[in-house]
Amino acid sequence: MQISWLTGGPQGSGVDTAANIFSSTIIKLGYYVFGSREYYSNIKGRHSYFNISISDKPVNSLNSKVDILAAFDAETVFQHFDELKGYLIVDKSIFNDSLDSQRLMEDEIKERAESILDKQGLEHTVKGVVDYLKSINIAVYDVDFSSIISRIIKDLSIDAYLALRAKNIIAISLSLSLLGADKSFLLQAIKERFKNELFYRFNSAAVDYSYNLIESRFKLNKRESKRFYSLDGNTLSALGKIAGGLRFQSYYPITPASDESTFIEANQILNLDKDIKGGVVVVQTEDELSAINSAIGAALTGARAATATSGPGFSLMAEGISWAGMNEVPVVITYYMRGAPSTGLPTRSGQADLKFALNAGHGEFPRIVLASGLHYEVMSDAAYALNLAARYQTPVIHIIEKSLANTYSSIEEDLLKVRLKIDKIKRADSESIKDYKRFLCTEDGVSPFAPLGETRIFYSGDEHDEYGYISEAPLNREKIYKKRMKKLDTADKEIPYNDRVRVLGNKDARYAVLTWGSPTGPLSDIIADNLLDILVVQVKIFNPYPSSYIKEILSNKTLIAVENNYNALGAEILKENTGIDVKKRILKLTGRVIYKDELYDALNKIIKSDTDKVFINDGK
Amino acid sequence: MESKLKIESNDWCPGCGNFGIIRAEEMALKELKLDNESTVVVSGIGCSGKLPHFMNMRISGVHTLHGRALAFALGIKLANPRLNVIINAGDGDTYGIGAGHFVNAGRRNVDMVLVVHDNGVYGLTKGQAAPTLPYGEKTKSLPKPNIMNAINPLAVALASGYTFVARGYAYDVVHLKEIVKKAITHKGMALIDVLQPCPTYNDINTKEWYDKRVYKLESEGWDPVVKSESEAQEKLEKAIGKALIYSEKIPIGVFYQNELVPTFEDRIKSNIPNYLENPPALQQIDSNGISIFDPLTIINKVE
């Protein structure tokens, strides 16, 4: 069972709060959710929306076709009515609002709505849309939100501006009523959300006054389930980093990365086992140059240190990453990938920076690049990134796209309870620090580490000898160069293939879908629902690339790449490393998540016809 | 300690002002008994960047990137506030490519010392104009007279919130040493802009040129220290006025010192009470290789 629900509204009008209350109600009822927040690069007024999948089993994706659309503003109706296949819940008082008066709506989306309405000879108003939907057998529940608001104002004697905020709650109350959910779960969620008594009172009144207005069409009965929490990618990364020992994080504000840092700062005092009190120092720096370089500085003292950014900020970090490679610094950069190039689509997603993550910074040096694909692995990957940095004493880049950062899903408590492993850095012993060689040549290329303060230690971005002293001598250069690079061979030998590639579905299937990052979500749901007989190969670590293993998995298969970029960059990396060419590609450039239904259609098209390349573009 | 200290061979030009700066810093550290592992000298790029490599003592050196020494130092100091952190960087390094960090360091007031080697030129790249070279001057290797104005680093530092602002002269090593000592013992962010001839590329601001102009603030009874909140504003204004004097007479010494402003470490401590006892560098993160953090301690708080 899977139900897709969507609500929207002007940014800053409380859509976020309402959607969160909706999700937590669904979770209280014992169902899994996967939710996504789409928003403009804007503070107030532009259209933002939440699309939420509800399921009785774990869910990692959305459908572009929506079962229930709950709208209390006209733009939400105009934006999304063509995505609707089930029920519209709409505020009757906006019926006369016209499409032309939607000042902030993109022309492209307006024109699409106009052409649908014009074909039917309908007026360009919400009423016109409602008539259209009825004509295609979509049930419309028009409720007069304004009269409910008036009643709240009168009964509770509160100001109109406050009561108007309850419109969101009316929309979710009607939705849950339609879903056949017990009202008490919603009231409980509202109580937990609004600590302010007045807010609780008028919002719960909004529920009481609206719940019985529409009959239920679904039966979302309370279900026995494990305990789970709804968490987004930003939060999961923050928690994983802290679990992995992060104690210093620097950042410069940038969407969609900063939420991670502000979450850490808000929770920086740590109540650890055995009553140990820890603390994470979070520094908002003046720019990303300072963010990366202060994180590197912190790492030199032995603290586990990281920064978080997205494309534009990562560009500024390139020189620092090169220094960290040269000086063998265990530092983690969490790379929140968004629509690029340049400022691109700052609040939307993208996968076009993969090669940049792999190559940023001048010169050759080992770096590890890992990319998460599903929410539950974001947390463990974030801790793993810190472990890998410590083990190989080199920069580690952890890629999380906007489509994971700003989407959330229900994570079972058991998965959160797991205590993550800490691979401690190899430390120099008391004898060797007397005449300490920071860059001592060793069998595996990894030199024993001593933190600043422990002994005389030298670092230099110039080529250096084993002490860290500047040296331009040719043979020393060759020796130290090889020593640094050797760490990548060591990593290639040590990091298990299972950590680098995840395989889902039928190993004997004719088609193998090669992907990385967030498209793993809809692909794993397609597999879980047995919709297609395919093998999904998700690359998680791009450097060191699991070449021989992946070659074996992909042999004798017809390959399809699924990515959010133009050139199928993950497939290009495959070719670079193995010579294997992926000819068939499903690509999405719109910055929106890949929906399960559109991906299913595209895969079918590729499998059943002779098509090689399909661009998909659902979503607003 | 028993092993003989191996240091790198100094390759600065004969007569370079850097010699005075390194000697003053070494003497200050020795006198303060900080000539050991607790001191970390962070440097940028350029001739000044090599300074830690040439120090004849058991300090640590972090030779960083052009313009970014302050950023590295920020992370080092905040992750382990017990370390004594000194930054040595050039004028181009600090006031040019690193200007953003220079200004913003004043907003934080981290307890560190920034020593700027101010010679008006980019020496290691053969003498281009640096941010402190005055408009119209044509030093030896400039193809044409400098068409950019000079900034006044002391005034910028004062306006940015540095709580210790001083100017030294590389050829008055003893005087400079005293300033360095005061800067190290000062609680907060300290700038020492050190006037430093570049005998190779700056043929205008030579030793002779400086010797005629510099005078010590102490000689005119200058009192830089803010003793109460009520006199902070007045002393700051006076210090900025004094900083702007830079022509036939050039004052050196401590222009301004205010320890009444909380350091960044104090401010972190107000958010994390045990920060100084248990800073990031010294925290326990695991027990036998297993994380000692339970994510539910935060999730349940947030929920």
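What you are looking at is a predicted structure, and each value in this text was computed from that prediction instead of being measured.
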Between A:E286 and B:R107 (salt bridge meaning N to carboxylate O under 4.0 Å), is one present in this structure? no

Which one of B:N274, B:I59, B:L78, B:L74 has the most heavy-atom pairs closer than 4.5 Å to chain A? B:I59

Residue from B:N80, B:V62, B:N278 scoring the most non-hydrogen pairs under 4.5 Å with chain A is B:V62

Look at B:E31 together with B:K181 and state whether they make a salt bridge at an N to O cut-off of under 4.0 Å. yes

Only one of A:F439, A:Y459, A:Y469 forms a ring-ring contact (aromatic ring centres under 6.0 Å, His included) with A:H464, so which one is it? A:F439

Distance only, no hydrogens: is a donor on one side chain within 3.5 Å (strictly under) of an acceptor on the other, for A:R304 and A:N387? yes

Residue B:K6 excluded, over 12 heavy atoms near NZ under 6.0 Å: yes

So, A:Y229 versus B:N300: side-chain donor-acceptor pair below 3.5 Å or not? yes

A:E454 versus chain B, the contacting section by heavy-atom distance below 4.5 Å: backbone

Portion of B:P52 that has a non-hydrogen atom of chain A nearer than 4.5 angstrom: both

At a 4.5 Å cut-off on heavy atoms, which part of A:T285 comes close to chain B: side chain, backbone, both, or neither? both

Residue part contacting chain B, namely of A:Q249, when any heavy atom lies under 4.5 Å: neither

Output the option from A:L300, A:D287, A:I292 having the highest count of non-hydrogen pairs under 4.5 Å with chain B. A:D287

Pairing donors with acceptors under 3.5 angstrom, does anything connect the side chains of B:S48 and B:H117? no

Report which part of B:K77 has an atom under 4.5 Å of a heavy atom belonging to chain A: side chain, backbone, both, or neither. neither

Does a side-chain N-to-carboxylate-O contact under 4.0 Å join B:E265 and B:K187? no

Answer with side chain, backbone, both or neither: which region of B:L83 has an atom nearer than 4.5 Å to a non-hydrogen atom of chain A? side chain

When heavy-atom pairs shorter than 4.5 Å are enumerated against chain B, which of A:V281, A:I296, A:V282 gives the highest number? A:V281

Checking heavy atoms, do the side chain of B:I7, its backbone, both or neither come under 4.5 Å from chain A? both

The interface call for A:R193 against chain B, heavy-atom contacts under 4.5 Å, is neither

Going through the distances and angles, do A:R456 and B:E37 end up as a salt bridge (charged side-chain N to carboxylate O under 4.0 Å, His left out)? CA-CA 6 Å; A:R456 176 178 164 88; B:E37 296 84 351; over 6 Å; no

Could you check which of B:S43, B:S38, B:G61, B:A69 has the highest count of heavy-atom pairs closer than 4.5 Å to chain A? B:G61

Do you know which of A:Y467, A:W323, A:F263, A:Y436 has the most heavy-atom pairs under 4.5 Å to chain B? A:W323

Is it the side chain or the backbone of A:I264 that comes within 4.5 Å of chain B heavy atoms, both, or neither? neither

Side chain / backbone / both / neither for B:D294 at chain A, heavy atoms under 4.5 Å: both

Out of B:N104, B:N84, B:L70, return the one with the most heavy atom pairs under 4.5 angstrom to chain A. B:N104

Would a 4.5 Å heavy-atom cut-off, applied to side chains only, mark B:V116 and B:L191 as touching? yes

Chain A interface, residue from B:R82, B:M57, B:E8 that has the most non-hydrogen pairs under 4.5 Å: B:E8

Using a cut-off of under 4.5 Å on heavy-atom pairs, state which of A:G461, A:A295, A:A243 scores highest against chain B. A:A243

Leading residue by heavy atom contact count with chain B [cutoff under 4.5 Å; candidates A:L416, A:N271, A:L270]: A:L416

Honestly, the part of A:S250 sitting under 4.5 Å from a heavy atom of chain B is neither

Over 12 foreign heavy atoms within 6.0 Å of NZ, B:K126: no

Chain A interface, residue from B:N271, B:T297, B:I268 that has the most non-hydrogen pairs under 4.5 Å: B:N271

Which region of A:L246, side chain (C-beta onward) or backbone (N, CA, C, O), has a non-hydrogen atom less than 4.5 Å from a non-hydrogen atom of chain B, or is it both or neither? neither

Are A:E192 and A:K28 close enough for a salt bridge, meaning some N to O gap below 4.0 Å? yes

Chain B heavy atoms under 4.5 Å from A:M326: which part of the residue, side chain, backbone, both or neither? neither

Evaluate whether atom CZ of B:R267 has more than 12 neighbouring non-hydrogen atoms of other residues, nucleotides or ligands under 6.0 angstrom away. yes

Salt-bridge contact A:R438-A:D465 (side-chain N to carboxylate O under 4.0 Å): no

Please state whether the side chain, the backbone, both or neither of A:K424 comes within less than 4.5 Å of a heavy atom of chain B. side chain

Can you tell me if CD on B:E277 sees more than 12 non-hydrogen neighbours from other groups inside 6.0 Å? yes

Given the options A:G453, A:G245, A:G302, which has more heavy-atom pairs under 4.5 Å with chain B than any of the others? A:G453

Checking A:I276 against chain B: side chain, backbone, both or neither under 4.5 Å from a heavy atom? side chain

Between the side chains of A:R427 and A:D429, is the shortest nitrogen-to-carboxylate-oxygen separation below 4.0 Å, so that they form an ion pair? no

